[in-house]
There are 2 protein chains.
Amino acid sequence: MSEQREAGEINPGGLGYLKGIAIDAVIFGFHDSQLKVLLIEYKRTGLFALPGGFIRELENINDAALRVVSERTGLDNIFLDQFYIFGDYSRYQPDEFKKIMSAGGMAPPDGHWLLQRFVSVGYYALVDFTRAKPTPAIIFDSCEWYDLTNMPPLIQDHTQIVRKALDTLRAHLDDKLIGFNLLPEEFTMGDLQQLYETVLDKKLLRPAFQRKMLSLGILERLSKKFSGGAHKAPYLYRFIK
Amino acid sequence: MSEQREAGEINPGGLGYLKGIAIDAVIFGFHDSQLKVLLIEYKRTGLFALPGGFIRELENINDAALRVVSERTGLDNIFLDQFYIFGDYSRYQPDEFKKIMSAGGMAPPDGHWLLQRFVSVGYYALVDFTRAKPTPAIIFDSCEWYDLTNMPPLIQDHTQIVRKALDTLRAHLDDKLIGFNLLPEEFTMGDLQQLYETVLDKKLLRPAFQRKMLSLGILERLSKKFSGGAHKAPYLYRFIK
DNA sequence: TTATTATTGTAACACAATGATACAATAGTT
DNA sequence: AACTATTGTATCATTGTGTTACAATAATAA
């Protein structure tokens, strides 16, 4: 990241990047029975946004998205899925970006490539909260986790992008079996159920949930046990694949 | 379409269109127990491709896709869904497009905007085969239906785009109840089952299929009957919504 | 050591959904 | 009026899920 140009960095010339296309990443984490989203704050603006970036001229879009998520979380081998492209003309709000660039110490001319209309490719990522290391870029004041239920207002249509990402996550949670990407390597059945209940925002019946999960044949019981409170200790599980 | 510039038309200056982004539409039809795809053939090239187009500077991407499908089929109120954006660098094959433009009577300079790298937003449409009127643009030799199982080779990655569209259609057929968009207004339970069997490429049990469909409460029995062969006549149904 | 307590793992039953077979009800044809 | 192919649906078996119940712990307290 030292020599190489960062995705979040504003490149005055736009050299080396595709114009008119950006990537926005909804990076989900799970902690304390809460779904979290990683948000960045542009320097000296108080404006919050999804981590994003641009696509290099020789780069696949999916690789650019991996790069963006990797730069913000420090993680590789991430679950990442492209879920929608946001291409309404009404997204085009150059004033907001002008403010961001000005606060960043640039006086962008009106025809600047970053002030033209942009289309955003939306990706959502599922990461292990305990392993992610939120990392701001130079032009950010911060890069931190926020409760999904307690996000600050976001620039542009980023709030709707988060909303659509959540809808997609919910729809895919069961049939694509992607939930475990949000958990650490080892976890209890209770952890897994809490994750499902949080994502789907509804209570599930414990016996049915356990039966279903075990019947899928994707869980390895580690025969180890927890040491916790005054009660029977749960088994730890690991996803096999 | 006379005054207004067509989406399929090659615009030498690229004025009025977003650069670097195109739309490709996989337009599905259903006829004779076969899934059909609408393909165009570029003039004097023998090159087949998906109907596509570009996005006007003031146009929403979804509207551009509607326009493309409408121009090729003559239909409005179409079921249309954006399913993926194809953004690999390896898609960039300027020679193929150079050939198309040359055959169209243009000698494109090397820096021409249509010879730059493009990203394609993939849409799939479900239309009533009996109502669609395939309509070529000026630069096409033809615009016709092809059996999904018997398509000519397509330019670029268009065959993969069709493949991914079909995967998406299969995944959504049941849970989004979109199949009826491929049928005419009135149809028999047998028609509907044949459609499902063709799309999913597997046999279904007649009693179970009928029970399931009727239990959904989305079918209106028209109490009319067919006059066909030497057997009991089936009811006609219509989707209600 | 032995109760106590909270929680886990799973058995057991009810109910719903689906797979599969059977058969009566036709719309023609012979 | 008998025959034939197909439709509509009843029926039963099987599977999956919702729900209740309870034995098996892992600490803590007596």
Side-chain angles (χ1 to χ4, degrees), chain A residues 32-33 170-177 179-180 183-240, chain B residues 32-33 170-177 179-180 183-240:
Chain A
D32 285 341
S33 307
R170 280 182 178 154
H172 292 350
L173 187 64
D174 249 343
D175 57 76
K176 290 197 177 173
L177 262 25
F180 53 83
L183 291 174
E185 174 93 5
E186 302 181 358
F187 51 86
T188 68
M189 194 58 75
D191 294 336
L192 187 60
Q193 183 172 348
Q194 268 200 336
L195 167 62
Y196 267 72
E197 290 181 342
T198 304
V199 172
L200 301 176
D201 194 26
K202 69 174 174 192
K203 283 278 165 211
L204 302 174
L205 292 165
R206 194 173 56 85
F209 182 80
Q210 171 132 338
R211 187 189 356 169
K212 180 104 182 290
M213 285 298 147
L214 291 181
S215 76
L216 293 173
I218 55 168
L219 292 183
E220 181 184 6
R221 179 174 286 184
L222 295 179
S223 71
K224 292 199 289 177
K225 301 181 184 185
F226 242 10
S227 45
H231 50 73
K232 186 174 179 181
Y235 286 102
L236 283 173
Y237 291 90
R238 177 166 53 191
F239 278 91
I240 52 181
Chain B
D32 284 343
S33 307
R170 281 182 179 154
H172 291 351
L173 187 64
D174 249 344
D175 56 76
K176 290 197 178 175
L177 261 26
F180 53 83
L183 290 174
E185 174 94 5
E186 301 181 358
F187 51 87
T188 67
M189 196 57 76
D191 294 337
L192 187 60
Q193 185 174 346
Q194 268 200 337
L195 167 62
Y196 268 72
E197 290 181 342
T198 304
V199 172
L200 301 177
D201 194 26
K202 68 174 176 191
K203 283 279 166 211
L204 301 174
L205 291 166
R206 195 173 55 85
F209 183 80
Q210 172 131 342
R211 189 189 0 178
K212 180 104 181 288
M213 286 298 148
L214 292 180
S215 76
L216 293 174
I218 55 168
L219 292 182
E220 181 185 5
R221 178 175 286 185
L222 294 179
S223 71
K224 292 200 290 178
K225 301 182 183 185
F226 242 11
S227 47
H231 50 74
K232 187 174 178 180
Y235 286 102
L236 284 173
Y237 291 90
R238 177 166 52 192
F239 279 93
I240 53 182

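The structure presented is a predicted model; accordingly, all values stated were derived computationally and were not measured. Residue numbers start from 1 in every chain, and the chains themselves are labelled A, B, ... in the order their sequence lines are given, proteins ahead of strands.
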- Message: Rounded at 0.5 Å granularity, tell me how far CG in A:Leu183 sits from CG in A:Asp191.
- Response: 6.5 Å

- Query: Among B:Arg206, B:Gln210, B:Met213, whose side-chain contact (heavy atoms from CB on, under 4.5 Å) with B:Gln193 holds?
  - Reply: B:Arg206

- Could you check which residues of residues 184-198 of chain A get a heavy atom under 4.0 Å from DNA chain C? Sort them by number, please. none

- Message: Let's see if you can work this out: which of D:dT19, D:dT9, D:dA24 has an atom nearest to the side-chain heavy atoms of A:Lys232?
- Response: D:dA24

- Query: If we only count heavy atoms from C-beta on, is the B:Ile218 to B:Tyr237 side-chain gap below 4.5 Å?
  - Reply: no

- Flag the pair A:Phe239 / A:Leu192 as yes when at least one side-chain heavy-atom distance between them is below 4.5 Å, and no otherwise. yes

- Task: Please list, in 5' to 3' order, the outermost nucleotides of DNA chain C lying under 4.0 Å from any heavy atom of chain A.
- Result: C:dT5 to C:dA11

- CE-CZ distance between A:Met189 and A:Arg211, expressed to the nearest 0.5 angstrom: 12.5 Å

- Rounded off to whole Å, could you give me the CG-to-P distance for the B:Leu214 and D:dA10 pair? 11 Å

- side chain to side chain contact (heavy atoms under 4.5 Å, CB included) between B:Asp174 and B:Tyr196: does it pass, once the steps are laid out? CA-CA 9 Å; B:Asp174 249 344; B:Tyr196 268 72; 3.6 Å; yes

- Message: Any base atoms under 4.0 Å from B:Pro207, or only sugar-phosphate, or nothing? Heavy atoms, all strands.
- Response: base

- Let me know the distance between CG of B:Leu219 and C1' of D:dT9, rounded to the nearest Å. 16 Å

- Going from CG on A:Leu205 to NZ on A:Lys212, what distance comes out if it is rounded to the nearest 0.5 angstrom? 12.5 Å

- Would you kindly compare B:Ala233 and A:Arg211 by the position of their nearest DNA chain C nucleotide and give the one closer to the 5′ end? A:Arg211

- Could you check if a side-chain atom of B:Leu236 sits within less than 4.5 angstrom of a side-chain atom of B:Phe187, using non-hydrogen atoms only? no

- What integer distance in Å separates B:Leu205:CG from D:dA13:C1'? 14 Å

- 5′-ward residue of the pair B:His231/B:Arg206 relative to DNA chain D: B:His231

